[in-house]
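I have a structure I would like to understand better, so I am pasting it below and will then ask my questions one at a time.
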Protein chains: 2
Amino acid sequence: METDRVTIVDVAARAGVAISSASAALNGRPGVSEATRARVQRAASELGYVPSLRGRSLSTKRAFAIGFVLQRSLDVLESDPFFASFIGGIEQALSPRGYALVLHMGTNERDTENRYRELAANRRVDGVLLNELRVDDPRLPLMNEIGMPAVGIVPSAEGFELPCVRQPSAPGVAAMVRHLVDQGHTNIAHVSGPARFVHARERVEAWRAEMARHGLRADTLIPGDFTYQGGRAAADAISQMVDRPTAVVCANDLAAVGLIIRAQELGWDVPGDLSVGGYDGIAMGTYIRPTLSTVQAAPRRVAAAAANLLLDVIEDPAGSAGRVVDLAPGQLIVRHSTGKCPK
Amino acid sequence: METDRVTIVDVAARAGVAISSASAALNGRPGVSEATRARVQRAASELGYVPSLRGRSLSTKRAFAIGFVLQRSLDVLESDPFFASFIGGIEQALSPRGYALVLHMGTNERDTENRYRELAANRRVDGVLLNELRVDDPRLPLMNEIGMPAVGIVPSAEGFELPCVRQPSAPGVAAMVRHLVDQGHTNIAHVSGPARFVHARERVEAWRAEMARHGLRADTLIPGDFTYQGGRAAADAISQMVDRPTAVVCANDLAAVGLIIRAQELGWDVPGDLSVGGYDGIAMGTYIRPTLSTVQAAPRRVAAAAANLLLDVIEDPAGSAGRVVDLAPGQLIVRHSTGKCPK
DNA sequence: TTGAAAGCGATACCAA
DNA sequence: TTGGTATCGCTTTCAA
């Protein structure tokens, strides 16, 4: 069934050289005369030779692939727009360099960790991307333990011993808070993500710090979970409050959308009664009404940078040991879900 | 750097048997005494042996991975919710069977085809999934030419020579039309997808047929492209019409959302002035207002079925040559974007 | 039932 | 600059 493939042996035979010479010629290694190289290359193209990844993998001990495990619960999956652009960014970096992406999915944290373990155990990939890092993330010691090259995607490189791509979200959150303060708001709540996530914490801290900078009290912290449903729950929580905030900064757009929709169901006007800001800059933010004020992150660029860094690390482990690549922070985009404080 | 891995040689040595016996024992092949098998397995687990995918791949000529190329233009990427659940479904099927997904992305049709060619050329995967098939899709002859196992995801298996998973969208579209007719609509337009797509055509035909069934004329066909922007454009197109439809059936949800938003910007009430139905059942349909009436497809189930079928085909090419797996058609979900005909 | 040895398709070392 | 050959880690055939 499987067509007999053209191997390097065929190429060498046709060019009338040894396979070692053929290999060197094809890979642009020195030690081959130009005449030989040309002859080998002609033979290869005449035969339609494509090197076998399998043979190459075994002898070089490399897979020419990197791994990524997306962690999402099945119910959230369907609504999460993060995914596609992130993957697009990875592909953008991998494809020109001849690598492929092996994608796995974990439905919970243990599951995710096991996927990384598998990836490492059978050496299906040469390195992995780590995102949505948790405090004391077990994947970090795991990567060290098994000696798997890894690159983290983090808001801050502090205390992070792996090479990483850093895109701080603090400036964006601060800009959002500042924007709301400018609109006259003083009681600005924050709907956070789960505290076990580093980026969730960073956003809480950024909100706190910016509030303090304006002499405002940051006491309305509503725990969320980055989901649409979590955003809805936050609106319900607000409706129970004695001293209602007039503005909310959400840790991500999806939650902000949920919050806005639920707020409207509760009869509030957004932004008349309540201003709502998000974070991420997902397309959906321009679909809903009012359109969502947010901070535009760049998942595609982040992913591309991370993938490129990972390849650098793989191809030169020593040279790029503790590298940190900095990306511009997200920019505030003011749309229509934020407005003047009602008072 | 790379820890010296435990190989089958180590296991065989420790168990005091030949590597061929160790291999047979570990893979549950017959011809090994129970005592030997037990000894080998103990040795393997004591050493923490994990078979090398690379060695196995080379000798079995299999990659234990399947490929999928998602085709999306970069601008659409960010808003497309199809992706995540589809991938989730694939993973669900692959993971228990020890396979992995190699994911590529094409930003246009030529790009996509090249990705499939690469995948085939270097045999990085044992088979591929083909979705969003076009009329005379070049990937079909390509797969035959290179002898790559492939499974199609199609609305109808007619004239489709590859094994496939079939989920017809016609019943759902028909149900949507019927629902609108029940609400008194007689001038029902259709916003289609690009005619080069088989599933776009199927939906047009389904709309036509159901209109005819009710003795209605199906002359308002608005060409779309499955995107949010395309939906907006459709609303603009409608606003130019002399004889405006009172209802629109969109070929997918994203376009329906765009249409609704734009319609509202144009000052129309949905569904008061215009009823809008979608197709897919994306989560976003429940976020917007009015909530979107749609047909609930099941991308996760479709993907899982397709991936499972592909593995069957890979593992037994003869046995499952022309297999067709049928999936239940999507169900109509009436929400709030469709209502009584104004008149 | 067991073991020895020949591939699989490349890379890379070492003589010639 | 070349060519021969060991090697990567496994599967599989064929004798013993």
Side-chain angles (χ1 to χ4, degrees), chain A residues 1-41 43-44 47-65 98 120-124 126 315, chain B residues 1-41 43-44 47-65 98 120-124 126 315:
Chain A
M1 183 102 309
E2 163 132 355
T3 315
D4 269 11
R5 292 172 56 72
V6 177
T7 75
I8 197 169
V9 178
D10 304 318
V11 175
R14 172 151 192 144
V17 302
I19 50 173
S20 52
S21 303
S23 173
L26 291 169
N27 291 302
R29 257 174 296 152
V32 197
S33 73
E34 271 320 305
T36 306
R37 189 182 303 275
R39 209 139 36 86
V40 170
Q41 281 170 340
L47 293 171
Y49 169 70
V50 179
S52 155
L53 214 55
R54 296 179 196 147
R56 213 149 79 99
S57 280
L58 186 57
S59 87
T60 60
K61 300 195 172 199
R62 300 216 348 231
F64 301 98
N122 54 31
R123 298 276 156 174
R124 203 189 265 279
D126 301 319
E315 291 174 357
Chain B
M1 186 103 308
E2 162 132 356
T3 315
D4 270 12
R5 292 172 55 73
V6 177
T7 75
I8 198 168
V9 178
D10 303 319
V11 174
R14 173 152 191 144
V17 301
I19 51 173
S20 53
S21 303
S23 173
L26 292 169
N27 291 303
R29 258 175 297 150
V32 198
S33 72
E34 271 321 305
T36 306
R37 189 181 304 273
R39 210 139 34 89
V40 169
Q41 282 169 340
L47 293 171
Y49 170 69
V50 180
S52 153
L53 215 53
R54 296 179 196 148
R56 212 151 78 102
S57 281
L58 186 56
S59 84
T60 60
K61 302 193 171 200
R62 301 218 343 236
F64 301 99
N122 54 30
R123 298 276 156 175
R124 204 189 263 281
D126 302 318
E315 290 173 357

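Atom set for the values below is all heavy atoms of this structure, side chains included, hydrogens, waters and symmetry mates excluded. Letters A, B, ... mirror the listed sequences (proteins, then strands); counts begin at 1. Worth saying up front: this structure is predicted, and the values here are computed from it rather than measured.
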- More 5' along DNA chain C: A:Ile19 or B:Gly55, using each one's nearest nucleotide? B:Gly55
- Which is true for A:Val9 with a 4.0 Å heavy-atom rule: it touches a base, it touches only sugar-phosphate, or it touches nothing? nothing
- Query: Can you check whether A:Arg29 has a side-chain N or O nearer than 4.0 Å to OP1 or OP2 of C:dA12?
  - Reply: yes
- Message: Considering every strand and a 4.0 Å limit on heavy-atom distances, what is the contact class for A:Ser57: base, sugar-phosphate, or nothing?
- Response: nothing
- Has the side chain of A:Arg124 got a donor or acceptor atom that lies under 3.5 Å from a matching backbone atom of B:Phe64? yes
- Any donor-acceptor pair under 3.5 Å joining the side chain of B:Ser20 to the base of C:dA4? yes
- B:Ser21 side-chain N/O to C:dT1 phosphate OP1/OP2 under 4.0 Å: no
- Please state how far atom CZ in A:Phe64 lies from atom P in C:dA10, giving the value in whole angstrom units. 12 Å
- Whole-Å distance, B:Asp10 CG to D:dC10 C1', equals 13 Å
- Query: Using a cut-off of less than 4.0 Å, is there contact between a side-chain N or O of A:Thr60 and OP1 or OP2 of C:dA10?
  - Reply: no
- Item | Any donor-acceptor N/O pair under 3.5 Å between C:dG9 base and A:Ser59 side chain | no
- Is a side-chain N or O of A:Arg39 found less than 3.5 angstrom from the main chain of A:Arg14, in a donor-acceptor match? no
- Message: Let me confirm one number: the CD-CD distance from A:Glu34 to A:Gln41, rounded to the nearest 0.5 Å.
- Response: 8.0 Å
- Task: Please determine if a side-chain N or O atom of A:Lys61 lies less than 4.0 Å away from the OP1 or OP2 oxygen of D:dG9.
- Result: yes
- Query: OP1, OP2 of D:dT2 versus side-chain N and O of A:Thr36: anything below 4.0 Å?
  - Reply: yes
- Can you check whether A:Lys61's main-chain N or O pairs, donor with acceptor, with B:Arg54's side chain at less than 3.5 Å? yes
- Can you tell me if the side-chain N/O atoms of A:Thr7 get under 4.0 Å from OP1 or OP2 in C:dC8? no
